[in-house]
Amino acid sequence: NKSREPRLDAVTMALAAELLVMTALAPDRDTARQHCEDALTSGRAAEFFGRMAAALGGPVDFLERSEHYLPKANCIAEIYPSEDGYLASIDTRRVGNAIIGLGGGRGRADDALDLSTGFTEIASVGEQVSKERPLALVHATDEETADAAISEYRAACTISSSPPETRSLICETVV
């Protein structure tokens, strides 16, 4: 059971709960959230995902042995902030362009994708970053490409000496 990134988890659970309520599979959001939580913690969600991946032609043991099937980058490097502090904001468009530069995204529809490239271990907005906690890890084909992505990622991040104001992830629910 891997830990779940709190912000992604909150948004995903809210969306899933809303869908359960909209389709009358749960009477209210609280019950729906509990159903979602139970599906994740019991392993049912992972079991369904594994069956779905296999039905689509993927390996039947993908979840158990994903590292065997997923491509690995030749170069993995930590992206340290230019100064210690708190991650105040991230220019996601700039990060997306950095992913395109790595080969993990498309500039044109017919561009090939390198699925071994990208960013992982991404610090959340508000998190303290330093030499002990980098902004992210970059996965690249070579050091030159990694260095360019590191520069772009670092430029996409705004570091503050104090934590940014906490904002709600979900502003409102439109029904």
Side-chain angles (χ1 to χ4, degrees), residues 1-18 29-30 32-34 36-43 45-46 49 63-67 69-107 113-174:
N1 183 17
K2 294 187 178 193
S3 65
R4 301 180 329 225
E5 199 283 323
R7 293 168 3 112
L8 178 61
D9 184 61
V11 171
T12 303
M13 294 295 271
L15 288 169
E18 197 65 38
R29 288 185 186 128
D30 290 337
R33 281 178 191 264
Q34 190 56 56
C36 294
E37 186 64 38
D38 292 345
L40 286 173
T41 57
S42 71
F49 176 80
L63 283 178
E64 296 81 12
R65 299 182 60 220
S66 60
E67 70 284 343
Y69 298 107
L70 298 175
K72 293 170 185 56
N74 294 328
C75 179
I76 301 173
E78 294 174 320
I79 305 173
Y80 292 106
S82 52
E83 58 185 305
D84 291 356
Y86 295 88
L87 184 56
S89 66
I90 303 173
D91 180 343
T92 54
R93 181 178 192 80
R94 204 161 187 173
V95 172
N97 286 332
I99 291 170
I100 291 170
L102 287 166
R106 292 185 173 105
L113 292 178
D114 182 348
L115 301 178
S116 71
T117 64
F119 300 105
T120 61
E121 307 298 321
I122 298 167
S124 296
V125 170
E127 194 170 345
Q128 194 167 13
V129 291
S130 65
K131 293 289 184 200
E132 287 76 41
R133 174 50 170 122
L135 296 165
L137 295 180
V138 62
H139 300 254
T141 54
D142 55 52
E143 283 189 37
E144 183 179 338
T145 307
D147 289 342
I150 287 170
S151 293
E152 190 67 18
Y153 196 95
R154 202 179 276 137
C157 295
T158 303
I159 308 299
S160 172
S161 59
S162 58
E165 185 178 316
T166 306
R167 298 183 313 190
S168 175
L169 291 173
I170 301 169
C171 300
E172 68 178 290
T173 302
V174 179

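Here, residue 1 is the first one in the sequence, and each next residue gets the next number. Every heavy atom of this structure was used, including side-chain atoms; hydrogens, water molecules and symmetry mates were not.
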Does a donor on one side chain and an acceptor on the other come within less than 3.5 Å for [X] and [Y]?
X: D142; Y: T145; result: yes
X: E18; Y: T173; result: no
X: T120; Y: H139; result: yes
X: D30; Y: Q34; result: no

Please report the closest heavy-atom contact between [X] and [Y], naming both atoms and the distance.
X: P81; Y: P134; value: CD-CA, 4.5 Å
X: C36; Y: A16; value: SG-CB, 3.6 Å
X: L137; Y: E78; value: CD2-CG, 3.2 Å
X: P163; Y: Y86; value: N-CD1, 3.5 Å
X: V129; Y: L87; value: CG2-N, 4.3 Å
X: V125; Y: S89; value: CG2-CA, 4.2 Å

Are there over 12 heavy-atom neighbours, none belonging to E144, within less than 6.0 Å of that residue's CD?
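Not more than 12 within 6.0 Å, no.
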Got a sec: does the CD of E5 have more than 12 other heavy atoms crowding it under 6.0 Å?
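Atom CD in E5 is packed in, count exceeds 12.
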For the backbone of [Y] and the side chain of [X], can you confirm whether one donor and one acceptor N or O come within less than 3.5 Å of each other?
X: R154; Y: Y80; result: yes
X: T117; Y: D114; result: yes
X: N74; Y: T141; result: yes

Salt-bridge criterion met for E37 and R4 (N-O under 4.0 Å):
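Counted as a salt bridge, because a side-chain N and a carboxylate O are separated by less than 4.0 Å.
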Run the salt bridge (charged side-chain N to carboxylate O under 4.0 Å, His left out) test on E127 and R7 for me, step by step, so that the C-alpha distance in whole Å, both residues' side-chain angles and the decisive distance to 0.1 Å come before the verdict.
CA-CA 12 Å; E127 194 170 345; R7 293 168 3 112; over 6 Å; no
